[in-house]
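Before any comments, here is the structure.
For ligands, and for the atoms within them, numbers begin at 1 and follow the listed sequence. Note that the structure is a prediction, hence the values are computed from the model and not measured. Numbering starts at 1 and runs along the sequence shown.
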Amino acid sequence: MRSRQAARKRRGLWGRPLSAPERRAEAPAKTAVYGAAAPPDRLAARYRLGRTPVQVGGRSWSMLGPADPDSLIDAIQPNDDDRLPYWAQLWPAGQVLAEAVLTTDALAGQRVLELGCGLGLTAAAALVAGAELLAVDCEPDALAFAAYNVQALAGVSLVTKLGNWRGPDPGAWLEPPYDIVLAADVLYERRDVEPLAALVPQLLAPGGWLWLAEPRREAGGRFVALLREAGWDDVVQSVPFAGLGQRLVVDLHRLTPPG
Ligand SMILES: C[S@@+](CC[C@H](N)C(=O)[O-])C[C@H]1O[C@@H](n2cnc3c(N)ncnc32)[C@H](O)[C@@H]1O
């Protein structure tokens with residue numbers, strides 16, 4: 001476990017950990033109790049389930065997920081880097097993006113795509129905000145948890161697509177164009193930078209936006225630099241974040257292509 005956490009630190013996946021007093025000051029951490037609605041049997045059979053409380057857009061939400069994401073990381077094969085289960089927990093960038101989505105009317109009635117939805121926090125926020133949403137992830141269980149959380153929180157069914165944007169012709173199966181593309185903490189691997197920089201322009205309708213929540217990872221910086229070099233306009237809001245066991249700054253980029 002320690003070496004995994006050290007590896008994740010090296011990969012830049014964590015911000016500064018909270019001190020013990022800061023952790024105590026936070027909302028209660030994940031517990032292994034269920035809410036009123038039953039999760040799908042398949043998920044309950046595969047995982048010990050837990051809930052993470054989040055405060056977002058003035059709402060108190062509770063997100064269902066695996067109770068111990070670190071144990072999933074420990075369980076994978078050493079060389080199976082493609083299947084690192086980062087979907088299985090909430091990330092600060094996702095919470096910052098959900099907050100931004102819930103505190104604007106920019107998404108109402110818009111065709112919106114979320115890349116890498118994980119457990120569905122940003123997706124639930126987008127649907128509450130009135131978006132017509134497609135949520136994408138490469139992990140089937142991420143989409144199953146996201147669908148459950150969205151139904152519980154937003155009271156609607158989540159439309160999902162299972163796929164890998166590094167695979168062949170993602171611009172086709174993602175069914176563009178979109179008014180807004182949302183993405184929170186999806187650029188932690190260098191190998192995603194060029195594929196996503198090539199893909200995102202294909203996804204947006206004229207006048208469209210990419211809202212990218214980025215916790216200042218190296219790969220994220222390279223991606224944003226590539227778009228800026230290509231003439232994209234970038235309005236950045238830097239949001240200090242403390243929660244989910246971390247303290248860091250998330251940059252919320254609102255990027256628009258040239259012309
Ligand atoms: C760090 S997690 C962030 C999850 C969520 N956006 C959040 O902020 O809580 C990255 C997510 O992107 C998904 N993902 C990573 N690479 C992907 C790829 N190449 N194609 C599709 N999904 C991918 C992962 O499965 C995971 O759910």
Side-chain angles (χ1 to χ4, degrees), residues 7-9 11-15 30 52-54 56 61 63-66 69-70 72-73 76 80-102 112-126 133-150 153 158 160-174 181-200 203 210-220 223 239 241 243-246 248 250-253:
R8 288 206 285 184
K9 274 187 186 137
R11 295 157 73 104
L13 273 164
W14 297 109
K30 207 171 280 189
T52 301
V54 284
V56 65
W61 278 357
M63 304 291 300
L64 188 77
D70 278 343
L72 303 182
I73 292 180
I76 61 164
D80 199 4
D81 239 22
D82 267 339
R83 301 304 299 266
L84 285 172
Y86 294 137
W87 60 269
Q89 66 189 82
L90 297 175
W91 295 88
Q95 190 168 334
V96 167
L97 188 55
E99 181 77 28
V101 159
L102 281 170
V112 177
L113 171 70
E114 187 187 2
L115 295 171
C117 66
L119 295 175
L121 175 57
T122 305
L133 181 77
L134 173 66
V136 168
D137 207 286
C138 59
E139 290 290 345
D141 287 351
L143 295 177
F145 276 107
Y148 170 83
N149 282 318
V150 160
L153 298 170
L158 180 65
T160 64
K161 276 223 169 175
L162 177 68
N164 189 321
W165 55 69
R166 288 195 304 269
D169 204 9
W173 62 262
L174 286 168
V181 173
L182 302 172
D185 206 353
V186 297
L187 284 144
Y188 43 91
E189 303 271 6
R190 206 172 268 205
R191 62 185 169 171
D192 279 310
V193 172
E194 273 80 16
L196 277 180
L199 172 63
V200 167
L203 299 177
L210 168 63
W211 289 20
L212 173 71
E214 227 309 299
R216 300 189 169 175
R217 301 195 194 287
E218 191 191 337
F223 172 84
V239 183
F241 179 91
L244 302 173
Q246 298 181 66
L248 72 171
V250 175
D251 287 333
L252 181 54
H253 299 268

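Checked by distance only, ligand 1 and N164 come closer than 3.5 Å through their nitrogen or oxygen atoms. Between A93 and ligand 1, no N or O atom pair is found at a separation short of 3.5 Å. The shortest N/O to N/O separation between Y86 and ligand 1 does not fall below 3.5 Å. Taking any N or O of C138, backbone or side chain, at least one lies under 3.5 Å from an N or O belonging to ligand 1. An N or O contact shorter than 3.5 Å is missing between V136 and ligand 1 by distance.
Screening V239, L121, T52 against Q95 for a side-chain contact (heavy atoms from CB on, under 4.5 Å) leaves a single residue, L121.
Here the side chains of L174 and L199 are in contact, with some heavy-atom distance below 4.5 Å. When side chains are defined from C-beta on, D185 does not count as touching Y86, because their heavy atoms never get closer than 4.5 Å.
In this structure, L121 does not count as a contact residue of ligand 1, since none of its heavy atoms falls inside 4.0 Å of the ligand.
The ligand atoms of ligand 1 that sit less than 4.0 angstrom from a heavy atom of G163 are 20 (N), 21 (C). Against a heavy-atom cut-off of under 4.0 Å, E139 is close to the following atoms of ligand 1: 25 (O).
Rounding to the nearest 0.5 Å gives a distance of 8.0 Å between CG of L119 and CG of L64.
Side-chain contact, W61 with N149: no donor N or O sits under 3.5 Å from an acceptor N or O.
The side-chain contact (heavy atoms from CB on, under 4.5 Å) search around V112 returns L107, Q110, A131, L133, I180, L182, not counting sequence neighbours.
Neither the backbone nor the side chain of A142 comes within 4.0 Å of ligand 1, counting heavy atoms alone.
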